There are 2 protein chains.
Amino acid sequence: MDARQLKERVRNTGLRFTKIRESLLELLLESGAPLSAPALLGLLHAKGITVNKTTIYRELDALGQRQIIRQVQLGGRAAQYEIIASDHHHHLVCLECKKVEDVDMLKDLDQEEKKITASTQFTVTSHSLEFYGICKGCKTTI
Amino acid sequence: MDARQLKERVRNTGLRFTKIRESLLELLLESGAPLSAPALLGLLHAKGITVNKTTIYRELDALGQRQIIRQVQLGGRAAQYEIIASDHHHHLVCLECKKVEDVDMLKDLDQEEKKITASTQFTVTSHSLEFYGICKGCKTTI
DNA sequence: TGACAAATGCAACTAAGTTGCAATAAGATA
DNA sequence: TATCTTATTGCAACTTAGTTGCATTTGTCA
Ligand SMILES: [Mn+2]
Ligand SMILES: [Mn+2]
Ligand SMILES: [Zn+2]
Ligand SMILES: [Zn+2]
């Protein structure tokens with residue numbers, strides 16, 4: 001998933017390719033980790049792009065509806081957002097500095113989804129798995 | 001985990017056993033699912049117990065520090081809380097009505113924790129796994 | 001029964017997120 | 001390129017979740 005592909009995806013869903021939208025997606029793409037609305041607002045302002053918070057929230061909503069980004073719940077007050085890339089993955093959340101890292105799918109949880117759907121009255125369509133602990137940086141700092 | 005055991009645990013940590021604390025824990029115990037601070041506030045008021053929201057937040061914090069309850073992140077704006085019972089479990093979250101059900105641990109994710117800790121610079125200490133989908137009630141209603 | 005810490009309420013605050021409405025700009029078309 | 005339509009944006013006012021300082025009340029134990 002690079003900037004060009006992303007632009008393609010955005011245009012295909014009927015969205016205009018505005019400066020704000022472009023910069024916001026660029027930030028999410030460059031960031032190795034999910035970003036919150038307040039964080040995005042700050043980063044955009046730091047880039048010299050003046051944008052209102054209402055626009056950010058509407059933008060995140062629009063991109064979410066089109067399956068270009070997804071909201072992830074990792075604790076903390078604000079929701080975080082990340083580009084929906086090709087492969088499914090999970091997250092490592094540092095309890096110390098709150099940094100988030102991606103971690104590739106290890107076990108096949110789709111099997112678990114099927115088991116639950118088969119054995120309960122609940123139809124599972126997706127899942128999210130977060131691992132909590134201490135990151136490399138926080139171990140050396142202490 | 002029944003009311004008596006819970007009272008014991010509360011007393012053992014040096015907490016006084018107040019009417020508010022008792023009712024709050026009772027609500028969490030009776031509820032099959034996690035509850036948010038605003039929800040608890042509403043339920044307590046419905047029970048005729050007048051309590052300030054500041055008290056609720058401080059209470060949740062105190063019980064959390066003592067490992068009597070835990071905060072769970074399940075999407076939605078408000079954090080949810082549940083009694084820490086003996087066995088580890090995960091959650092089924094209905095995307096329609098937002099209801100939450102417990103689901104017993106199926107696979108052994110402790111193994112995954114160990115693998116990650118061994119192969120990355122990140123020391124995993126816990127995890128949370130949520131399954132999303134449609135609950136029984138919401139399937140029949142549609 | 002005090003004494004003393006824990007618990008509580010209140011008011012004022014911050015931070016995240018939402019809504020309605022008016023102004024602006026992207027980009028398709030002529 | 002000028003024009004048109006509609007998506008996008010900003011602004012202000014609002015809601016909801018959660019926090020803080022301080023004064024008052026209440027549980028517990030000697
Ligand atoms: Mn990720
Ligand atoms: Mn649970
Ligand atoms: Zn860290
Ligand atoms: Zn449901």
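The model shown is predicted, which means the values in this text are computed figures rather than measured ones. Sequence lines set the chain letters: A, B, ... in the order given, protein chains first and strands last, and positions in each chain run from 1.
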message: Can you pull out the residues from residues 50-68 of chain B that lie within a 4.0 Å heavy-atom distance of DNA chain D?
response: B:K53, B:T54, B:Y57, B:R58
message: Please determine whether side-chain contact (heavy atoms from CB on, under 4.5 Å) holds for the pair B:T13 and B:R9, giving the CA-CA distance in whole Å, both sets of side-chain angles, and the decisive distance to 0.1 Å.
response: CA-CA 7 Å; B:T13 61; B:R9 277 176 78 188; 5.8 Å; no
task: Consider only side-chain heavy atoms of I, L, V, M, F, W and Y, link residues closer than 4.5 Å, and tell whether B:I68 and B:L27 are in one cluster.
output: yes
task: Taking heavy atoms of chain A and a 4.0 Å limit, find me the 5'-most and 3'-most nucleotide of DNA chain C within that range.
output: C:dA15 to C:dA28
- request: Could you pick out which residue, B:R77 or B:T18, lies toward the 5' side of DNA chain D when each is mapped onto its nearest nucleotide?
  value: B:R77
- prompt: Taking only residues at least two apart or on different chains, which pairs with a member in residues 17-34 of chain A satisfy salt bridge (Lys or Arg N to Asp or Glu O under 4.0 Å)?
  reply: A:R21-A:E59, A:E26-A:K47
- request: Would you kindly give the NE2-to-C1' distance between A:H45 and D:dG10, to the nearest whole Å?
  value: 11 Å
query: If you round to the nearest 0.5 Å, how far is CG of B:L40 from CG of B:L28?
result: 5.0 Å
- prompt: So how far is it from A:L63 CG to A:I69 CD1, rounded to the nearest 0.5 Å?
  reply: 4.5 Å
message: Using whole Å, what does the distance between atom P of nucleotide D:dT8 and atom CZ of A:R11 come to?
response: 11 Å
query: Any side-chain heavy atom of B:Q111 within less than 4.5 Å of one from B:K114?
result: yes
- prompt: With a 4.5 Å heavy-atom cut-off, do A:Y81 and A:V72 have their side chains touching?
  reply: no
query: Between the two ends of the helix from C:dT1-D:dA30 to C:dA30-D:dT1, what is the bend in degrees, rounded to 10 degrees, where each end axis spans five pairs?
result: 30°
message: Give me each pair satisfying salt bridge (Lys or Arg N to Asp or Glu O under 4.0 Å) with a member in residues 63-89 of chain A, each pair once, sequence neighbours excluded.
response: A:R70-A:E82
- line: Result for 5'-nearest mapping on DNA chain D, choosing between B:P38 and B:F17, is B:P38
- prompt: How would you list all residue pairs meeting side chain to side chain donor-acceptor pair (under 3.5 Å) that involve residues 120-129 of chain B, not counting sequence neighbours?
  reply: A:E130-B:S128, A:K139-B:T123, B:H88-B:H127, B:H90-B:H127, B:E113-B:H127, B:S128-B:E130
- prompt: Side-chain contact, heavy-atom cut-off 4.5 Å: A:V103 with A:H89?
  reply: no
- request: Please determine if B:R11 and B:E8 form a salt bridge, counting it only when a charged side-chain N lies under 4.0 Å from a carboxylate O.
  value: no
message: Whole angstroms only, please: what is the CZ-P distance between A:R21 and D:dG10?
response: 12 Å
message: In whole Å, I'd like the distance from the CG atom of B:L40 to the C1' atom of D:dG18.
response: 14 Å
field: Rounded distance (Å) that lies between atom P of D:dG27 and atom CD of B:E22
entry: 12 Å
message: Nearest whole Å is fine: how far is D:dA7 C1' from A:R16 CZ?
response: 4 Å
